[in-house]
Amino acid sequence: MKMSHLLGERFKETPSDCQIASHALMMRGGYMRQLCNGIYSLYPPARRITRKIEQIIREEMDAIGGQEVLFPVVMPASLWRESGRYESIGSEMARFQDRSGSDVVLGMTHEEAAVQLARGAAKSHADYPFMIYQIQTKFRDEPRCRGGLIRVREFTMKDAYSFHTSQEDLEEYYEKCYEAYHRIFARAGVPEVVAVKSDSGMMGGSIAHEFMLLTEIGEDSIVLCPSCGHRANMEAAECITEAPSEGICASEGRTDGHTECAASSLPLPALTEVSTPGVHTIDELCAFLGITAAQCCKAVVYQRNRDDSYVVLFIRGDLDVNETKLTNRLREEVHPGEITEGSGLQAGFIGPAALYAGLRKSSGENTGLTILFDRSLKGATGLVCGANRADFHYTGLCMERDCPDASYEDFAKAQEGGICPVCGRHSLTISRGIEVGNIFQLGTKYSKAMHMQYVDADGAAHYPLMGCYGIGIGRLAASVCEAHHDEYGPIWPITISPWQVHLCCMRSDNAEVHAMADALYDELQRAGVEVLYDDRNVSAGVMFSDADLLGIPIRLIASPRNRKEGCVEMTLRGNKADTCKIPADEIVLRVREKISALTAALQPE
C-alpha cells in the first residue's frame with residue numbers, strides 16, 4: 001500500500017473528547033471515525049489490525065477443536081423468552097418489531113442462538129463434546145460509552161460455546177480454553193494480561209474468569225495478592241474480616257477490648273440507648289462518640305426494582321457494600337432506598353436489634369422488608385448502631401446476644417490491605433484493569449431452559465452442560481495500543497501491526513532516490529513482506545510523525561545520503577537505539593530475519 005493512496009488523515013492535535021491514550025492516538029492516526037455515540041467506522045489500518053487478531057483467535061480456537069459457525073445478528077424475541085433473558089435483561093438490549101409485527105432483538109450475545117443451532121444436531125451422547133464459535137458483530141446499548149473502542153455499543157466479538165455430557169469434561173475443556181486465551185494474548189502482544197476470578201453476571205453459571213490488562217485507565221477494580229498470586233474481580237472478590245478488636249462500653253464510655261461474645265470471658269457491655277442529636281452518618285457518629293468506623297454497625301438501605309420493597313443490609317461501619325454480591329443473593333436488581341414516613345425505618349438511625357427482633361420468626365425476611373447481615377458482624381460485640389428512633393443510638397451491641405440466629409453472608413467489598421482468602425495475609429492490593437476476554441462455566445442454565453437434551457447409551461435423556469468464551473476484537477486492539485505506546489503514537493506488535501514494514505522515501509522529488517525506493521518496495525512485496533510505502537513529497541517531519549502514529553514496527557529509510565552509500569537505514573519503532581544501515585542487496589533478507597525474530601519473541605512458551 002502506498003501512503004499517497006491510503007484512505008484517512010493523521011492529525012497533530014488530540015480531539016477534545018479523547019480522555020485516554022489509545023482513543024486519542026487511534027483518532028489522530030487515522031484508524032477510525034466516529035459515526036455516533038459508541039459506534040465507529042474503521043479505516044484500513046484498524047481493519048488490518050483486527051483481521052490479524054481474528055486470525056490469531058481462529059488458529060487457537062481451531063487448535064482446541066473449535067468449529068467456526070455464524071449466527072444471525074437479528075433474532076426472534078421468542079428465542080430469548082425461552083431462556084428467560086428477554087425480560088431479565090434491561091435496556092442494553094435493542095428490541096423492535098419487524099414488518100409483520102413480530103418481536104425481534106439485536107444480538108448482544110448468542111447463547112440462545114448457539115443452543116438453537118446445536119439442539120437440532122446433537123441429540124445423541126455420541127455427538128458430544130463439541131465447541132462452536134463465531135466472530136460476529138453485536139450491539140449492546142451501552143449507557144457509558146468511553147475510551148474509543150474500549151467501551152462501545154456496536155462491536156465485533158469472538159464468542160464460543162462448548163457442550164458436554166459431564167462436569168469433568170466441561171472442566172477439562174474450560175482449562176484448555178483458559179490456556180488458549182493466554183496464548184492468544186501473548187501472540188497479540190500483551191502477555192501481561194492476567195486471569196481473575198469473576199462474577200458471571202447476566203451470563204449465569206457458577207465459575208467464571210475474566211482476562212484483564214492491568215492499567216490505570218481500566219474501569220474494573222482487580223483485587224490482587226502479591227504474596228500468593230490470588231486474583232479476583234472486585235465484584236467476585238471475597239471479603240474476609242476480623243471481628244473488631246475494640247468495642248465501646250456503654251456503661252463507662254471507654255474501649256474494653258471485647259472481640260466476640262462467645263469467646264470473651266469479660267462481662268458483656270449492656271445494650272444502652274444514648275442521645276446523639278443530629279448525628280446521621282458514620283463519620284458524625286465516630287466524631288461524636290470518639291470511636292472508629294470499625295466499631296460501628298451501619299445500615300445500608302435498598303429497594304427492589306421489581307416492587308420497591310425494602311432491603312436493609314447491616315455491615316461493619318468501615319466497609320462498603322458490594323452490590324453485585326447483594327443482587328446475586330436476591331436474584332434481582334435493586335436501587336438505593338428512599339426512606340418514606342410509612343416505611344417503618346428511621347433514616348440515619350436504623351439499627352439491627354429491635355428491627356431484627358420483630359422478624360426473627362421469618363429468619364429476617366417478610367414480604368415488605370428483608371434484613372441481611374454481612375459476615376463482618378459475626379461474633380462482634382461492643383458495637384454502636386442506630387436505635388431506630390430519631391437522635392438516638394445504641395452502644396454495647398452484641399450480635400450473638402441481640403440478634404440471635406442471624407444468618408451472615410459476604411456482602412462487602414474487598415479492601416486495600418485486606419486479608420487474602422487464599423494465604424490469609426493482610427496483603428490485598430487494588431488495581432485497575434480492562435477486561436479483554438472472559439470465560440464461563442454455564443452448566444445447564446440455557447440447555448435446561450431451552451429444552452435441549454441428548455440421549456445417553458442407556459436411552460435416558462439429559463441436559464448437556466455448557467461453557468462460553470468471549471473476546472472483544474476492537475477492545476483488544478485498543479488495549480494493545482493502551483499497553484504499548486509512547487507520546488508519539490502506538491507501538492504495534494509485529495503479529496497484529498497493520499503492516500510489517502514502513503518504507504519512507506525521503507525526498508521523493510529526487511528521481512534516483514524515488515527509483516531506489518520503488519525498487520525496494522517491489523522487491524519486499526515479492527518476498528511476501530507487508531509494506532506501507534510513504535511515497536509522498538512531504539517534509540521529513542510530517543513523514544516521521546505519520547510513521548510514529550501508524551506504529552509499524554520496522555521502518556526503512558531511503559534517502560539521498562543512504563543511496564550514495566548504497567544502503568538503507570533500518571530502525572525499530574519505539575527503539576531508536578536499534579538502528580543500522582544495511583547494504584541494499586541484503587535488505588530483504590535482513591528484514592525477513594527481523595520479522596521472524598520479532599514474531600518468535602511473542603510466541604508463548
Side-chain angles (χ1 to χ4, degrees), residues 1-15 18-33 42-50 52 147-149 188-190 215 217 477-508 513 517 520-521 524 529-559 561-562 568-582 591 594-595 598 601-602:
M1 170 61 70
K2 294 184 177 181
M3 282 281 285
S4 58
H5 298 157
L6 181 64
L7 185 65
E9 297 180 82
R10 282 144 296 282
F11 303 97
K12 185 176 181 179
E13 297 80 15
T14 298
C18 296
Q19 302 301 316
I20 65 173
S22 59
H23 187 193
L25 294 175
M26 293 183 78
M27 290 296 290
R28 287 181 53 206
Y31 293 85
M32 59 192 193
R33 183 179 180 87
L42 300 185
Y43 284 113
R47 184 61 189 123
R48 292 177 67 92
I49 290 169
T50 56
K52 290 183 178 183
L149 299 181
V190 280
T215 169
I217 65 94
S479 297
V480 173
C481 179
E482 196 64 44
H484 301 290
H485 69 270
D486 57 21
E487 61 183 305
Y488 305 108
I491 304 173
W492 296 111
I494 190 72
T495 49
I496 68 168
S497 176
W499 290 271
Q500 296 168 322
V501 172
H502 193 137
L503 173 59
C504 297
C505 178
M506 308 299 299
R507 294 289 309 275
S508 64
V513 174
L520 181 56
Y521 176 55
L524 287 167
V529 177
E530 300 172 7
V531 188
L532 179 64
Y533 175 24
D534 195 341
D535 59 334
R536 301 172 300 167
N537 185 21
V538 296
S539 69
V542 170
M543 187 171 290
F544 289 149
S545 176
D546 286 353
D548 285 340
L549 282 170
L550 288 165
I552 298 167
I554 300 172
R555 187 178 305 175
L556 301 178
I557 300 172
S559 67
R561 176 182 295 179
N562 290 338
V568 175
E569 185 176 333
M570 182 170 73
T571 187
L572 296 185
R573 173 72 180 93
N575 185 11
K576 293 183 179 179
D578 192 350
T579 299
C580 59
K581 291 190 176 183
I582 302 171
V591 165
K594 181 61 71 174
I595 291 172
L598 292 174
L602 295 175

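When every heavy atom of Met26 is checked against every heavy atom of Ala478, the shortest pair comes out as SD-CA, 4.1 Å. Smallest separation of non-hydrogen atoms from Ser22 and Glu482: OG-OE1, 2.7 Å. For Met1 against Tyr521, the heavy-atom pair with the smallest separation is N-OH, 2.9 Å. The two residues Ile49 and Ser497 make their nearest non-hydrogen contact at CG1-C, 4.3 Å. Nearest heavy atoms, Phe544 versus Met506: CZ-SD, 3.8 Å. Closest approach of Leu6 to Pro44, counting heavy atoms only: CD1-CB, 4.1 Å.
Between Val480 and Pro493, some side-chain heavy-atom pair lies under the 4.5 Å cut-off. Put simply, the side chain of Ser508 does not reach to within 4.5 Å of the side chain of Asp535, judged on heavy atoms. Between Pro498 and Arg47, every side-chain heavy-atom pair lies at or beyond the 4.5 Å cut-off. Using a 4.5 Å cut-off on side-chain heavy atoms (C-beta onward), Met32 and His23 make contact. Within the 4.5 Å cutoff, side-chain heavy atoms of Cys481 are placed close to those of Trp492.
With rounding to the nearest 0.5 angstrom, the CD1 atom of Ile494 is 10.5 Å from the NZ atom of Lys594. Note that OG of Ser545 and NZ of Lys12 are 8.0 Å apart. Values are rounded to the nearest 0.5 Å. Between the NZ atom of Lys52 and the CD1 atom of Ile496 there is a distance of 9.0 Å, given to the nearest 0.5 Å. For the atom pair CZ of Arg507 and CE of Met543, the computed distance is 11.5 Å after rounding to the nearest 0.5 Å. One finds the NZ atom of Lys2 at 10.5 Å from the CG atom of Leu503 (value rounded to the nearest 0.5 Å). Between the OG1 atom in Thr495 and the CG atom in Leu598 there is a gap of 9.5 Å [rounded to 0.5 Å].
For Arg48, the salt bridge (charged side-chain N to carboxylate O under 4.0 Å, His left out) partners are Glu530, not counting sequence neighbours.
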Could you tabulate the donor-acceptor pairs under 3.5 Å formed by side-chain atoms of residues 546-559, not counting sequence neighbours?
{"unit_1": "Asp546", "atom_1": "OD2", "unit_2": "Arg536", "atom_2": "NH1", "d": "3.1"}
{"unit_1": "Asp546", "atom_1": "OD2", "unit_2": "Arg536", "atom_2": "NH2", "d": "2.8"}
{"unit_1": "Asp548", "atom_1": "OD1", "unit_2": "Arg555", "atom_2": "NH2", "d": "2.7"}
{"unit_1": "Ser559", "atom_1": "OG", "unit_2": "Asn562", "atom_2": "N", "d": "3.2"}
{"unit_1": "Ser559", "atom_1": "OG", "unit_2": "Asn562", "atom_2": "ND2", "d": "3.2"}

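Although no hydrogens or angles enter the test, the distance criterion places a donor-acceptor pair under 3.5 Å between the side chain of His484 and the main chain of Gly189.
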